[in-house]
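These notes are about the structure you will find just below.
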Amino acid sequence: MPLRSVTPFGCALVVAGFVFAAPPAFAQTGPFAPLAGTWSGEGTITTSNGGGERIRCRAKYTVSEGGRAFQQALTCASDSYKVDISSNVETDGTKVTGTWSEATRGVSGSLSGQISGPNISAMVEAQGFQAGIAVNTRGRSQSINIKPGGTEITDVTVNLHK
């Protein structure tokens, strides 16, 4: 099956990247400190016709020394979809902001939201696209739920592990 161009899915996954990382080898402070390193996992993409497809993801995060910013490289793929995302994200301790780009489609945009303990709630945006993201991190496990608006993909759920 050929790979499809699914910008909304790629956009949404960038925010999911908030939680795809392992703890650093050195002590840090700040809310993103636990997000340094590499995570992998899988989940499901649900489409508007009720179909579903398994997705596999791998991410690498470089967290700033103060733990208040990170750079992300994220790749996710299924039989029909592939995204290659990079992002830069920062926080003031409660709000998150940043930028992202998806290399295979040449799309970029912004992200914004809130962080509260292990939970992140955010929106990713690009011209003509918006998606809501909910992320929960518990120890060495993370769950991500993505709800794109107005696209063939209606839901993305991913579970990652260190």
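What's counted below: heavy atoms across the whole structure, side chains too, no hydrogens, waters or symmetry copies. The model shown is predicted, which means the values in this text are computed figures rather than measured ones.
Proximity of a side-chain donor or acceptor of E102 to a complementary backbone N or O of V107 within less than 3.5 Å is not detected.
Considering only residues two or more places apart in sequence or on other chains, N88 meets the side chain to side chain donor-acceptor pair (under 3.5 Å) condition with Q71. Contacts of T157 classified as side chain to side chain contact (heavy atoms under 4.5 Å, CB included), with partners at least two apart in sequence or in another chain: N145, D155. Take T91 and apply the side chain to side chain contact (heavy atoms under 4.5 Å, CB included) test, not counting sequence neighbours, and it matches P31, F32, R68, V96, I115. For T94, the side chain to side chain donor-acceptor pair (under 3.5 Å) partners at least two apart in sequence or on another chain are D92. Checked against salt bridge (charged side-chain N to carboxylate O under 4.0 Å, His left out), E42 has the following partners two or more places apart in sequence or in another chain: R54. With sequence neighbours excluded, the residues that form a side chain to side chain contact (heavy atoms under 4.5 Å, CB included) with A69 are S64, E90.
Expressed to the nearest 0.5 Å, how far CZ of R58 lies from CG of L160 amounts to 11.0 Å. Atom OG of S40 sits about 12.0 Å away from atom CG of N159, to the nearest 0.5 Å. One finds the CE atom of M123 at 8.0 Å from the OG atom of S112 (value rounded to the nearest 0.5 Å). To the nearest 0.5 Å, the span separating CD1 on I85 from OG on S108 amounts to 12.0 Å. Atom-to-atom distance recorded for I153:CD1 and T47:OG1 is 8.0 Å, nearest 0.5 angstrom.
In this structure, V158 and I55 have side chains that are in contact, with non-hydrogen atoms separated by less than 4.5 Å. P148 has its side chain within reach of F129: a pair of non-hydrogen atoms, C-beta onward, lies under 4.5 Å apart. With a 4.5 Å cut-off on side-chain heavy atoms, E125 and L111 do not count as touching. Two residues are said to be in side-chain contact when any heavy atoms from C-beta on lie closer than 4.5 Å; T62 and F70 fail this criterion.
When all heavy atoms are compared, the tightest approach of T154 to T151 is CG2-O, 4.4 Å.
Inspection of the S78 and E53 side chains reveals an N or O donor paired with an N or O acceptor under 3.5 Å. Between the side chains of Q72 and S87, at least one donor-acceptor pair of N or O atoms lies under 3.5 Å.
Of the candidates N136, V135, I133, I144, I120 forms a side chain to side chain contact (heavy atoms under 4.5 Å, CB included) with just one, namely V135.
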